[in-house]
Amino acid sequence: MRAFLILTCAVVLLAVGPGPARGDHEIARWRHGHTAAVSVTFDDALYSQVAVGAPLLEERNLRGTFYLLTGDGWNEWVGYWDDWRSVAAAGHEIGSHTVTHAQLSTLSEAEMRQELEQSKQTIEAEIPGQPCLTFAYPYGDYDDFVMEVTSDYYIAARTVWSPLYLNFYPGDPYTAMDAMEVGSYSFDWPGLATPEALSGFLDSAEEYQAWFIPHIHPLDEPTAVDVYTGFLDELVSRDLWVDTVANVFRYMWERNAATLAVLSESPMEITLALTHDLDQ
C-alpha cells in the first residue's frame with residue numbers, strides 16, 4: 001500500500017477491505033503513484049511564452065515553470081508584470097533567471113549576489129503570494145562556487161544538461177540529482193527537439209522512473225509550436241506527473257526526509273505515522 005501525498009500530516013489512516021492487513025508501506029516515488037515526473041520550463045521571459053506557452057499548458061490542465069529576467073532592458077513589452085501576474089494566478093511557477101542574464105561564473109561574489117537576490121526580491125514584490133523558490137542559470141553557466149552562493153537564495157537551480165537528460169533519486173541507477181544542478185534538455189537546439197527525440201526521453205523517464213525537464217525559449221515559429229503542442233498532448237496521454245520544478249523538487253526532498261512507520265494494523269484499518277524533520 002502506498003501513501004500518495006506530499007507530506008502535510010503526521011498520521012495517516014487508511015481503510016482497507018476485509019482480509020489480512022499488509023505491513024509493507026511506502027511513499028510513492030512520484031505524486032499519485034505516477035511512473036515518472038516532467039516539468040516544462042521556459043527561459044528569458046519572452047512574450048510568446050505568455051501568448052502561446054502558458055495557454056496551451058492550461059488547455060490540458062498542466063502547469064509549467066517560467067524563469068524571468070527582471071532588468072529594465074529585458075521587459076520592454078507593455079503590461080510585462082501584469083502578464084506574469086496572470087500566468088502566476090493560473091497556477092504556474094515564476095522563477096528567477098537573474099536580473100541581466102549575467103554569466104555568473106565571471107562575476108565577483110558581490111555582483112553575483114546582486115543578480116541572485118535582486119531578481120528574487122523583484123519577482124516576489126511584483127507577484128506577491130508566490131515565493132520565488134527556484135532558479136535557472138543563464139547560459140547554463142555555473143561552477144562549484146556559483147552553486148554554493150545560489151543555494152543561499154533558492155531551494156533548487158536548473159542547468160541545461162544532465163546524464164541522459166534525466167534527474168534521479170539517490171540510489172537510482174545513475175548519479176543522484178544535486179539540488180543546485182537540476183538537469184534539463186534544450187527544446188530549441190536545432191535537430192534536438194523532434195517529436196521522436198522527445199518521445200524517447202519520455203520513454204527513458206518512465207523506464208528509470210526519473211524526472212525529465214525540457215527548457216524552452218521562443219514559441220513564435222509554427223514548427224516549434226506544432227512540436228510543443230504534440231509534446232503536451234503526449235504528456236497527458238502517459239502515466240506522468242507534470243508539475244512545476246518547485247513542486248516536483250519539494251516532493252522529492254520531502255520523500256527523502258520522511259519516515260513512514262506502522263502504528264497499528266487490523267483487518268479493517270492501518271494507522272501510519274508519516275513524519276519528517278524539514279523546516280516547514
Side-chain angles (χ1 to χ4, degrees), residues 6 8 39-55 57-58 62-142 145-159 179-180 182 184 213 215-219 243-251 253 278-280:
I6 291 180
T8 55
S39 293
V40 182
T41 67
F42 302 82
D43 291 3
D44 294 352
L46 304 176
Y47 186 68
S48 62
Q49 298 167 3
V50 173
V52 178
L57 283 166
E58 292 156 23
L62 303 175
R63 298 298 179 267
T65 297
F66 295 80
Y67 289 111
L68 271 57
L69 296 156
T70 61
D72 290 339
W74 297 89
N75 54 13
E76 294 94 344
W77 78 76
V78 175
Y80 182 90
W81 285 112
D82 286 340
D83 286 322
W84 291 115
R85 279 188 282 270
S86 296
V87 170
H92 303 285
E93 177 190 4
I94 304 300
S96 168
H97 201 38
T98 70
V99 179
T100 66
H101 208 275
Q103 191 169 347
L104 295 179
S105 68
T106 68
L107 304 181
S108 68
E109 180 177 349
E111 292 169 331
M112 189 192 315
R113 289 188 181 277
Q114 181 179 8
E115 290 281 346
L116 295 167
E117 184 174 16
Q118 184 178 328
S119 59
K120 177 181 175 70
Q121 290 177 344
T122 299
I123 289 169
E124 291 181 340
E126 294 288 350
I127 306 176
Q130 184 189 111
C132 181
L133 296 177
T134 72
F135 178 78
Y137 298 107
Y139 308 105
D141 174 68
Y142 64 97
F145 185 60
V146 170
M147 291 194 291
E148 178 183 345
V149 175
T150 302
S151 69
D152 290 341
Y153 302 97
Y154 303 95
I155 64 171
R158 201 216 69 207
T159 71
M180 292 296 114
V182 179
S184 69
I213 306 176
H215 65 266
I216 302 167
H217 288 86
L219 282 172
D243 210 332
T244 66
V245 172
N247 283 347
V248 174
F249 177 76
R250 283 184 290 187
Y251 186 95
W253 195 11
L278 296 175
D279 185 336
Q280 293 282 10

Side chain to side chain contact (heavy atoms under 4.5 Å, CB included) against [X], all qualifying residues, sequence neighbours excluded:
{"X": "Asp44", "result": "Leu46, Leu69, His97, His101, His217"}
{"X": "Val99", "result": "Thr70, Glu115, Gln118, Ser119"}
{"X": "Glu117", "result": "Gln121, Tyr153"}
{"X": "Ala156", "result": "Thr134, Val182, Phe249"}

> What residues form a ring-ring contact (aromatic ring centres under 6.0 Å, His included) with Phe145, not counting sequence neighbours?
Replying inline: none
> Distance from Thr41 atom OG1 to Arg158 atom CZ, nearest 0.5 Å?
Replying inline: 4.0 Å
Excluding sequence neighbours, so at least two apart, what forms salt bridge (charged side-chain N to carboxylate O under 4.0 Å, His left out) with [X]?
{"X": "Glu111", "answer": "none"}
{"X": "Asp243", "answer": "none"}
{"X": "Glu148", "answer": "none"}

Could I get the full list of side-chain hydrogen bond (donor to acceptor under 3.5 Å, both in side chains) partners for [X], not counting sequence neighbours?
{"X": "Asp72", "value": "none"}
{"X": "Tyr80", "value": "none"}
{"X": "Ser105", "value": "Asp141"}
{"X": "Arg63", "value": "none"}

> Going by heavy atoms in the side chains, are Val149 and Leu116 under 4.5 Å from each other?
Replying inline: yes
>> Under a 3.5 Å threshold, yes or no: a donor from one side chain and an acceptor from the other, between Ser96 and Tyr154?
In response: yes
> Taking all atoms of both residues into account, what is the closest heavy-atom pair of Val87 and His92, and its distance?
Replying inline: O-CD2, 3.2 Å
